[in-house]
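To keep things clear, I will list the structure first and then write my remarks on it.
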Amino acid sequence: MRYSALLAPTLKEVPKEAEVISHQLLLRAGYMRKVAAGIYSYMPLGVRVIERVKTIIREEMTRSGAQEVFLPAVQPAELWKESERWGYYGPELLRVKDRKGGDFCIGPTHEEVMTALVRDDIKSYRQLPLNLFQIQTKFRDEVRPRAGLLRGREFIMKDGYSFDIDEEAAKRTYQVMYDAYVRIFDRCGLSYRPVEADTGNIGGNMSHEFQVLADSGEDSIVSCASCNYTANVEKAELQQADDSAFVVPSGSYDKRHTPAVRTVEEVARFLGLPTSNIIKTILYLADEQPVAVLMRGDLEVNEVKVKAALKATTLLLANEATVLEITGAPVGFAGPIGLGCRLLADPSVRTVVSGAVGANEPDHHFVGVSIPRDLPELTYTDLRLAGAGDACGRCGGTFAFFKGIEVGQVFYLGTKYSAKMKAQVLNDKGEENPMVMGCYGIGVTRTMAAAIEQNHDKDGIVWPMALAPYQVIIAPLQLHEPAVVEEAERIYRELTAAGVDVIIDDRDLRPGVKLKDADLIGIPLRITIGARSLAEGKVEFKLRRLPEATLIPSADIIAETIKAIAAERGAAAE
RNA sequence: CGGGGUGUAGCGCAGCCUGGUAGCGCGACGGUUUUGGGAACCGUAAGUCGCAGGUUCGAAUCCUGUCACCCCGACCA
């Protein structure tokens with residue numbers, strides 16, 4: 001490629017709309033432009049990176065026995081009504097009408113279409129297993145798109161779906177996909193962790209997210225140093241303290257006047273207690289029904305665990321009006337004693353002696369409360385959000401804490417969709433059974449952004465070799481020196497002939513501009529040809545990720561470059 | 001959806017308070033000189049000041065409404 005012909009306008013200044021580094025650099029380096037909130041046009045460099053990611057995915061999916069298909073972006077409502085998601089998916093599903101008034105949506109995911117495809121053509125267990133994937137543009141009308149490609153509304157995703165005869169076979173497929181994902185993200189040169197993940201509304205208990213480690217990530221991960229258990233905090237199992245020897249205190253509680261004292265911190269300060277003696281009562285609406293969650297004041301509620309414990313489809317924090325209605329008091333004075341709704345308690349509140357809780361009365365709290373004494377019927381469920389330093393639920397070791405960007409997820413679905421949509425096959429006994437499914441997603445554009453979050457410096461992007469739009473950039477510094485141009489063109493020709501992806505900066509610009517642009521767009525290898533060193537028969541060879549360049553004889557440059565490309569690929573695979 | 005903020009040339013911004021012919025830097029285009037880390041000089045083009053109403057002799061500026069975008073929160077298969 002000749003840089004002079006490339007559409008890759010670079011910007012010196014950071015567009016003000018961009019906050020996170022990948023977003024800034026993708027715009028500055030001319031990889032993409034914004035069209036609307038969370039919607040982008042990809043320019044040639046961006047397309048090349050996307051194609052790199054897609055190619056790696058295709059190769060590994062195919063190697064794992066999956067076949068590529070291509071499903072429609074626009075999908076009829078009737079399929080979504082069959083799965084019942086037309087009703088509960090909510091405003092994130094972009095709904096449109098065709099000219100006849102028929103309801104359609106822009107696909108945010110493709111379980112429905114894929115299941116429909118398979119059920120019509122697959123009738124016998126002899127046709128299974130089947131594992132299909134596609135790479136598609138998805139649209140999810142996010143409430144608040146942000147951070148460029150990390151949370152866009154329109155994005156490119158690889159989504160795969162597997163169909164097996166029974167649970168055992170489906171779980172084997174799940175493992176095959178898990179292994180494929182490991183190879184895919186290894187090949188992309190990313191530093192990531194597979195983490196155990198919550199299964200949301202889908203049920204079952206098997207899902208892993210592939211999280212690229214980055215401080216800008218939205219997800220929180222805990223990992224046990226001792227047993228290697230790694231999980232999204234939403235899911236993370238915590239070890240509960242052994243409180244079997246705990247003796248429930250005698251006595252009773254008192255009411256206190258606590259004017260305008262609402263938050264845990266305020267209550268603790270007002271009563272002169274540590275926050276661990278406050279028992280907070282947090283009100284939710286779970287599938288429209290009020291529920292109160294009891295948690296020790298110094299700990300955080302994990303809403304995903306609450307949702308799972310209730311088997312609820314929706315869980316919303318109750319608003320002020322609802323709190324007033326349920327407790328008879330404004331926010332800040334809710335308590336479990338005398339509260340007329342379902343209670344869920346975290347085990348941490350069991351051993352609080354002389355706790356403080358809201359009195360369900362404006363400006364009053366109860367003090368001296370013991371939950372097991374005053375609410376003996378209560379049962380306890382782990383509802384707590386894990387954090388750094390907590391004890392691992394598997395082995396009791398200590399959790400370390402990371403932020404991550406979820407670039408992929410593998411999911412054991414079971415028969416959720418196949419049962420509802422009647423995707424059934426006959427088994428070897430002639431019985432009809434729903435196929436057992438799994439689904440497997442990779443955010444292609446998000447992977448591109450995550451790679452930048454993890455690989456950049458003050459000058460720009462530092463692509464891993466496997467994702468770089470070009471492997472090598474040749475920068476002849478003085479275009480008015482025929483020897484420089486000639487040598488650059490020779491190297492360009494020979495590398496291209498050797499199958500290397502190379503771009504030559506043939507623009508008649510000052511050296512500084514060329515070097516700055518090469519750094520900004522992040523090409524991993526740079527061959528700089530300057531009149532001075534060329535006079536000694538040498539050219540400069542530099543790895544983008546290392547600060548120092550080396551001068552090597554021009555005659556050796558082709559071999560050296562090819563060697564370095566292989567070495568860089570190897571470095572990523574470690 | 002709640003809170004905060006921003007819309008003026010491709011990008012970054014000033015002008016607005018105190019109404020009076022729309023400016024600066026970068027970028028683009030032409031020219032001369034320059035050529036190893038975003039050059040210098042000369043010249044040129046480019047903006048219905050987000051949009052719609054209103055006030056006024058006159059609105060980028062004041063008022064009302066509206067739309068878009070960004071950040072925090074809530075939400076997120």
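Naming: A, B, ... by sequence-line order, numbering from 1 per chain.
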Looking only at side-chain atoms of [X], point me to the closest of [options].
{"X": "A/R510", "options": "B/G38, B/U35, B/C69", "result": "B/U35"}
{"X": "A/S533", "options": "B/C71, B/G36, B/U34", "result": "B/G36"}
{"X": "A/L477", "options": "B/C11, B/A39, B/G36", "result": "B/G36"}
{"X": "A/P511", "options": "B/U34, B/G36, B/G38", "result": "B/G36"}
{"X": "A/A36", "options": "B/C69, B/C11, B/C76", "result": "B/C69"}
{"X": "A/V513", "options": "B/A39, B/G36, B/C69", "result": "B/A39"}
{"X": "A/H480", "options": "B/G36, B/U35, B/G38", "result": "B/U35"}

Exercise. Taking it one step at a time, do A/Q409 and A/Y440 satisfy side chain to side chain contact (heavy atoms under 4.5 Å, CB included)?
Worked result: CA-CA 6 Å; A/Q409 185 165 18; A/Y440 317 95; over 6 Å; no
Exercise. Side chain of A/R526, base of B/G36: donor and acceptor closer than 3.5 Å?
Worked result: no
For this session: Look at the side chain of A/D459 against the base of B/G37 and say whether a donor-acceptor pair falls under 3.5 Å; ignore hydrogens and angles.
Result: no
How is [X] classified with respect to the nucleic acid when contacts are heavy atoms under 4.0 Å: base, sugar-phosphate, or nothing?
{"X": "A/K514", "answer": "nothing"}
{"X": "A/A147", "answer": "sugar-phosphate"}
{"X": "A/L520", "answer": "base"}
{"X": "A/E303", "answer": "sugar-phosphate"}

For this session: Quickly work out the A/Y40 OH to B/C69 P distance and round it to whole Å.
Result: 10 Å
Problem set entry | Atom-pair distance (CZ on A/F411; C1' on B/C76), nearest Å | 13 Å
Problem set entry | Ring-ring centroid check A/H23 A/Y31, cutoff 6.0 Å | no
For this session: Provide the distance between the two C1' atoms, one in B/A59 and one in B/A22, to the nearest whole Å.
Result: 13 Å
Exercise. With nearest nucleotides of RNA chain B determined for A/G38 and A/R151 from heavy-atom distances, which residue corresponds to the more 5′ nucleotide?
Worked result: A/G38
Problem set entry | Donor-acceptor pair between A/H208 and A/Y412 side chains, under 3.5 angstrom | no
Exercise. Does a donor on one side chain sit under 3.5 Å from an acceptor on the other, for A/K542 and A/T528?
Worked result: no
Scan nucleotides 26-30 of chain B against the protein and return all N/O pairs shorter than 3.5 Å with their distances rounded to 0.1 Å.
unit_1	atom_1	unit_2	atom_2	d
B/C26	O3'	A/K12	NZ	3.4

Seminar exercise, completed: In Watson-Crick or G-U wobble terms, with both distances under 3.5 Å, the base opposite B/C69 is B/G5
For this session: Kindly write out the residues that satisfy side chain to side chain contact (heavy atoms under 4.5 Å, CB included) with A/D103, not counting sequence neighbours, or none if the list is empty.
Result: A/A77, A/K81, A/W86, A/K97
For this session: Dump the intermediate steps for salt bridge (charged side-chain N to carboxylate O under 4.0 Å, His left out) on A/K171 and A/D164, then the final yes or no.
Result: CA-CA 9 Å; A/K171 290 191 168 166; A/D164 281 284; over 6 Å; no
Exercise. Pick one: which of A/I405, A/T447, A/V182, A/I184 meets side-chain contact (heavy atoms from CB on, under 4.5 Å) with A/F210?
Worked result: A/V182
For this session: Mind telling me whether A/Y192 and A/F185 have parallel, tilted or perpendicular rings, with 30° and 60° as the class edges?
Result: tilted
